[in-house]
Amino acid sequence: MTELPIRKGRPVLADVLELSDATVSSGLLVQLPLARRALARLWYDRRFGVNTADFATLTDLGLEHPERVYYSPAHWGTLRRALPARDVGEHDVFLDLGAGKGRMMLEAASGYAFKRVIGVELSPELTEVTRRNLTATRLRLRARDVEVVQSDVLDYDIPDDVSVVFLNNPFRGEIFASAMERLLDSAGRAPRPITMIYFNPVEEPHLLQTGRFKHVRTVVPRWRKVEGIYGTTRVYTVT
């Protein structure tokens, strides 16, 4: 196996990028994009002093369920590609349903002028990881109020000031439908513009069938070479 050249004082990702020519010549071109993405996840943690890169299975967490999805970190640039900072004001509130280890909470709290950033996570273990990340991070958090709530999304009442909702495909089927019903209930109680950002949007047909979600745009990463929903981010507005 080809060893990655790691030089003192230089980011890991830069070394991987420099390896590209040698990797092509050694016949490992197909493996390079996967290696780059994996190391990009690790680079984020190393740079900002957090723990978000490692996957977590539902079996290990004692939460195995056919409609719930294991924790997988979205790319650290997912939110900034889908949501321009100029579109967020000081009264906006960000909600991550299925926050996992809090990577998108960190991105929202540091990169935008949100009034509040909220994460909802079912697993007590992942909730505690997120709390440690929020305390230990070297990122400068701009949001005045950042909170992670340990709760089943089926028991969580969405605050009526939430204006941006993020999902990294955390659940499907009836759980997803119930969560969206709660979001629409909130929109009905307090009519307001709501943007939903959905990474790996496997339940898009349900959204569109409600007649309440309008697809605005799809963000496709530069590395993507095949058709389909996985790896894409789709942005919707609640009508």
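Checked against a 6.0 Å centroid threshold, the rings of Y230 and F199 do not count as neighbours.
For the atom pair CZ of F171 and CG of D152, the computed distance is 9.0 Å after rounding to the nearest 0.5 Å. With rounding to the nearest 0.5 Å, the separation of OG1 in T195 from NZ in K214 is 12.0 Å. Expressed to the nearest 0.5 Å, how far CD of E128 lies from CG of N133 amounts to 10.0 Å. With rounding to the nearest 0.5 angstrom, the CZ atom of R46 is 15.5 Å from the CG atom of N51. For the atom pair CD (E147) and OG1 (T130), the distance works out to 12.5 Å, reported to the nearest 0.5 Å. Expressed to the nearest 0.5 Å, how far CZ of R81 lies from CZ of R217 amounts to 12.5 Å.
At most 12 heavy atoms of other shown residues, nucleotides or ligands fall within 6.0 angstrom of atom CD in E181. Heavy-atom neighbours of E64 CD from other residues, nucleotides or ligands within 6.0 Å: at or below the threshold of 12. Heavy atoms from other residues, nucleotides or ligands lying under 6.0 Å from OH of Y70 number 12 at most. Under a cut-off of 6.0 angstrom, the local environment of CZ in R138 is crowded, with over 12 non-hydrogen atoms contributed by other residues, nucleotides or ligands.
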For this session: Check the pair F176, V153 against side-chain contact (heavy atoms from CB on, under 4.5 Å), reporting the backbone distance first and the verdict last.
Result: CA-CA 9 Å; F176 182 89; V153 69; over 6 Å; no
Exercise. Between E125 and S123, does a side-chain hydrogen bond (donor to acceptor under 3.5 Å, both in side chains) hold up when you go through it step by step?
Worked result: CA-CA 5 Å; E125 291 86 351; S123 163; 3.1 Å; yes
For this session: Go through the steps for R234 and E204 under the test side-chain contact (heavy atoms from CB on, under 4.5 Å), then give the verdict.
Result: CA-CA 9 Å; R234 298 189 183 176; E204 181 181 64; 2.8 Å; yes
Problem set entry | From CA spacing to verdict: side-chain contact (heavy atoms from CB on, under 4.5 Å), Y71, L61 | CA-CA 10 Å; Y71 168 72; L61 297 170; 5.6 Å; no
For this session: Decide side-chain contact (heavy atoms from CB on, under 4.5 Å) for F166 and M104; before the verdict, give the C-alpha distance in whole Å, the side-chain angles of both, and the deciding distance to 0.1 Å.
Result: CA-CA 8 Å; F166 180 86; M104 289 302 107; 3.3 Å; yes
Problem set entry | Candidate pair D96 and R103, rule salt bridge (Lys or Arg N to Asp or Glu O under 4.0 Å), full reasoning | CA-CA 10 Å; D96 186 347; R103 178 175 285 192; over 6 Å; no
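Shortest non-hydrogen contact noted between A109 and V146 is CB-CG2, 3.9 Å. Here the closest non-hydrogen pair linking A53 and P73 is O-CG, 3.4 Å. Shown here for L184 and R212, the closest heavy-atom pair between the two residues is CD2-CB, 3.8 Å. Here the shortest heavy-atom pairing between G111 and A85 reads O-CB, 4.2 Å. The two residues S151 and V120 make their nearest non-hydrogen contact at O-CG1, 3.6 Å. Considering every non-hydrogen atom in both R68 and L58, the closest pair reads O-CD1, 3.1 Å.
Side-chain contact between E203 and Y198 is present, with heavy atoms from C-beta onward closer than 4.5 Å. Side-chain contact check for I158 versus Y156: some heavy-atom pair is nearer than 4.5 Å. Residues L134 and M105 have side chains in contact (heavy-atom distance under 4.5 Å, counting atoms from C-beta outward). With contacts defined as side-chain heavy-atom distances shorter than 4.5 Å, the pair V164/V93 does not qualify. Counting heavy atoms from C-beta on, the side chains of P170 and V69 never come closer than 4.5 Å. A heavy-atom distance below 4.5 Å is found between the side chains of P159 and I118.
A salt bridge does not link D92 to R192: none of the charged side-chain nitrogens sits closer than 4.0 Å to a carboxylate oxygen. The pair K115-D145 does not meet the salt-bridge criterion, since no charged nitrogen lies less than 4.0 angstrom from a carboxylate oxygen.
Remark: H65 engages no residue in a ring-ring contact (aromatic ring centres under 6.0 Å, His included) (not counting sequence neighbours).
Aromatic ring orientation, Y44 versus F48: perpendicular (interplanar angle above 60°, classes split at 30° and 60°). The aromatic rings of F213 and Y236 lie perpendicular to each other, with more than 60° between the two planes, well past the 30° mark.
Between the side chain of R140 and the main chain of S110, no donor-acceptor pair closer than 3.5 Å is present. Without hydrogens or angle criteria, E67 side chain to I175 main chain gives a donor-acceptor distance under 3.5 Å. In this structure a side-chain-to-backbone donor-acceptor pair under 3.5 Å is missing from N200 to N169.
Here the rule is side-chain contact (heavy atoms from CB on, under 4.5 Å) with M196, and of L207, V235, T237 only L207 fits it.
Cluster annotation: V129 is not connected to L122 through the hydrophobic network of ILVMFWY side chains, with a link wherever side-chain heavy atoms come within less than 4.5 Å. No path of Ile, Leu, Val, Met, Phe, Trp and Tyr side chains, each step under 4.5 Å between heavy atoms, connects Y112 with V219, placing them in separate hydrophobic clusters. Linking ILVMFWY side-chain heavy atoms closer than 4.5 Å, directly or via other members, places I229 and L167 in a single hydrophobic cluster.
Figure legend: cation-pi geometry between R116 and F94 absent, as NZ or CZ is not positioned both under 6.0 Å from the six-membered ring centre and within 45° of its axis.
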